Amino acid sequence: MYTSFDNTGLLKVLTFLKSHKHEFVSGQDLSDVLKISRVAVWKHIKKIRSLGYKIVSKQNLGYKLLDDTELLLPWEITENLKSSLLGKKIYYFNTIKSTQNFAINIATNHNENGSVIISKRQTQGKGRLNRKWKSPLGGIWLSLIVQPKFDSSQITIVPIATSLALHYAIEKVLKIKTELKWPNDLTLNGKKVAGILLDSSIESNKIEYLVLGVGINFKINSSSLGKSLKKTPNFYGVASLVKKNEKSLPLVTQFLYELENILAMIESRYNKKIISQWINRSSTIGKNVSVLINDKLTSGKAMKLDSDGALIISKGKKTIRLLVGDITHND
Ligand code: BT5
């Protein structure tokens, strides 16, 4: 595990190389300036390379940093942070069962408000309703701890707001327009490109914490992932956001920024604004949809969202109000 608050020796060397990006720095200079032994310098360089940074070395000249890593390492995020609370503290794993479980375990601690847990891959990623979330290399798998000021009456809008924040970040950074599928999926040409999971702890009507799980198929092999998921519940196709080499760091920092703004809107009870922005970007509203209620398949037309995020479906003269569930688009 790497965090945003340790690895000081490694970071000293890396920061020095970054501030001398276009020139060689000798091992001796690094050792003298940073006041660490030559052996320690060499060990740090080896470690930094293993983290995906491209460093060339030349005899008699020393080391030169050519390119940053593609990994979402904690210090890369905190260095580029646009938000003030979200992402101030980061935990990064190469492999974890589920970032969500790790986050839930530490979420009551007051120092963890705004913390982000990221993993390069997950072995037991979770979807809603105990479903599995496949999390291979190339995706962005993260959980966020929020101890909000708003109360539990606002909780149902949080996943809607989170998907809207992610939509904005993707549009701004990658110039890709995703669609929002109720309740909280992002799709690309109708296929799922990101999913959101919300865990919470509530006492009376006070929210102790929210843990927001966000899974983004950033650069994955969508056809092989799709094949392995075909028989799973609520499957309707997989999409990857990008195909070519693209770094995911700008998307993550933009998302944290957008999310922080939208959470502030919830706190100010600007629900109507969030809902109307969501509807404008939704592929669900106006569609004929099917939904499973008490094991019975019901169909109708998706009309609108209530201010708490509930989906209103009209079926003949009746209307159905859905606060949770899965829908299928029929057209
Ligand atoms: C979700 O559940 O969409 C919530 C996904 C949240 C994942 C994040 S990753 C970081 C954090 N840590 C965790 O352990 N989880 C969170 P749901 O709407 O229930 O969708 C689950 C269904 O989506 C599965 O039954 C599959 O059909 C499908 N699915 C699984 N993995 C997928 C993937 N990578 N891409 C697209 N669809 C997938």
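Atoms within each ligand, like the ligands themselves, are counted from 1 in listed order. This one's a predicted model, so the numbers in the text were calculated from it and none came from an experiment.
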Enumerate, one pair per line, all nitrogen or oxygen atoms of ligand 1 lying under 3.5 Å from a protein nitrogen or oxygen, stating the separation to 0.1 Å; write 'none' if no such pair exists.
{"residue": "ligand 1", "atom": "2 (O)", "partner": "R128", "partner atom": "N", "Å": "3.1"}
{"residue": "ligand 1", "atom": "3 (O)", "partner": "K192", "partner atom": "NZ", "Å": "2.7"}
{"residue": "ligand 1", "atom": "12 (N)", "partner": "T99", "partner atom": "OG1", "Å": "3.0"}
{"residue": "ligand 1", "atom": "12 (N)", "partner": "Q122", "partner atom": "OE1", "Å": "2.9"}
{"residue": "ligand 1", "atom": "14 (O)", "partner": "S98", "partner atom": "OG", "Å": "2.7"}
{"residue": "ligand 1", "atom": "14 (O)", "partner": "Q122", "partner atom": "OE1", "Å": "3.4"}
{"residue": "ligand 1", "atom": "14 (O)", "partner": "K126", "partner atom": "N", "Å": "2.7"}
{"residue": "ligand 1", "atom": "15 (N)", "partner": "K126", "partner atom": "O", "Å": "2.8"}
{"residue": "ligand 1", "atom": "18 (O)", "partner": "R128", "partner atom": "NE", "Å": "3.0"}
{"residue": "ligand 1", "atom": "18 (O)", "partner": "R128", "partner atom": "NH2", "Å": "3.1"}
{"residue": "ligand 1", "atom": "18 (O)", "partner": "K192", "partner atom": "NZ", "Å": "3.2"}
{"residue": "ligand 1", "atom": "19 (O)", "partner": "R128", "partner atom": "N", "Å": "3.0"}
{"residue": "ligand 1", "atom": "19 (O)", "partner": "R131", "partner atom": "NH1", "Å": "2.8"}
{"residue": "ligand 1", "atom": "20 (O)", "partner": "K192", "partner atom": "NZ", "Å": "3.2"}
{"residue": "ligand 1", "atom": "25 (O)", "partner": "P233", "partner atom": "O", "Å": "2.7"}
{"residue": "ligand 1", "atom": "27 (O)", "partner": "T232", "partner atom": "OG1", "Å": "2.6"}
{"residue": "ligand 1", "atom": "27 (O)", "partner": "P233", "partner atom": "O", "Å": "3.2"}
{"residue": "ligand 1", "atom": "31 (N)", "partner": "K134", "partner atom": "N", "Å": "3.0"}
{"residue": "ligand 1", "atom": "34 (N)", "partner": "K134", "partner atom": "O", "Å": "2.9"}
{"residue": "ligand 1", "atom": "34 (N)", "partner": "N217", "partner atom": "OD1", "Å": "3.1"}
{"residue": "ligand 1", "atom": "35 (N)", "partner": "N217", "partner atom": "ND2", "Å": "2.9"}

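S143 places a side-chain N or O within 3.5 Å of a backbone atom of Q100 that can act as its donor or acceptor partner.
Interatomic distance, CD1 of I220 versus CD1 of I140, reported as 11.5 Å (0.5 Å rounding).
Residue pairs meeting the ring pair (Phe, Tyr, Trp, His ring centres under 6.0 Å) criterion with at least one partner in residues 247-273, sequence neighbours excluded, are absent. Applying the ring pair (Phe, Tyr, Trp, His ring centres under 6.0 Å) test to pairs two or more places apart or on separate chains, those with a residue in residues 31-90 are Y2-W75.
Grouped with M1 in one hydrophobic cluster are F5, Y91, F93, I96, F102, I104, I106, I117, I145, Y209, V211, the linkage being side-chain heavy-atom contacts under 4.5 Å among Ile, Leu, Val, Met, Phe, Trp and Tyr residues.
Looking only at side-chain heavy atoms (C-beta outward), P148 and Q154 stay at 4.5 Å or farther from each other.
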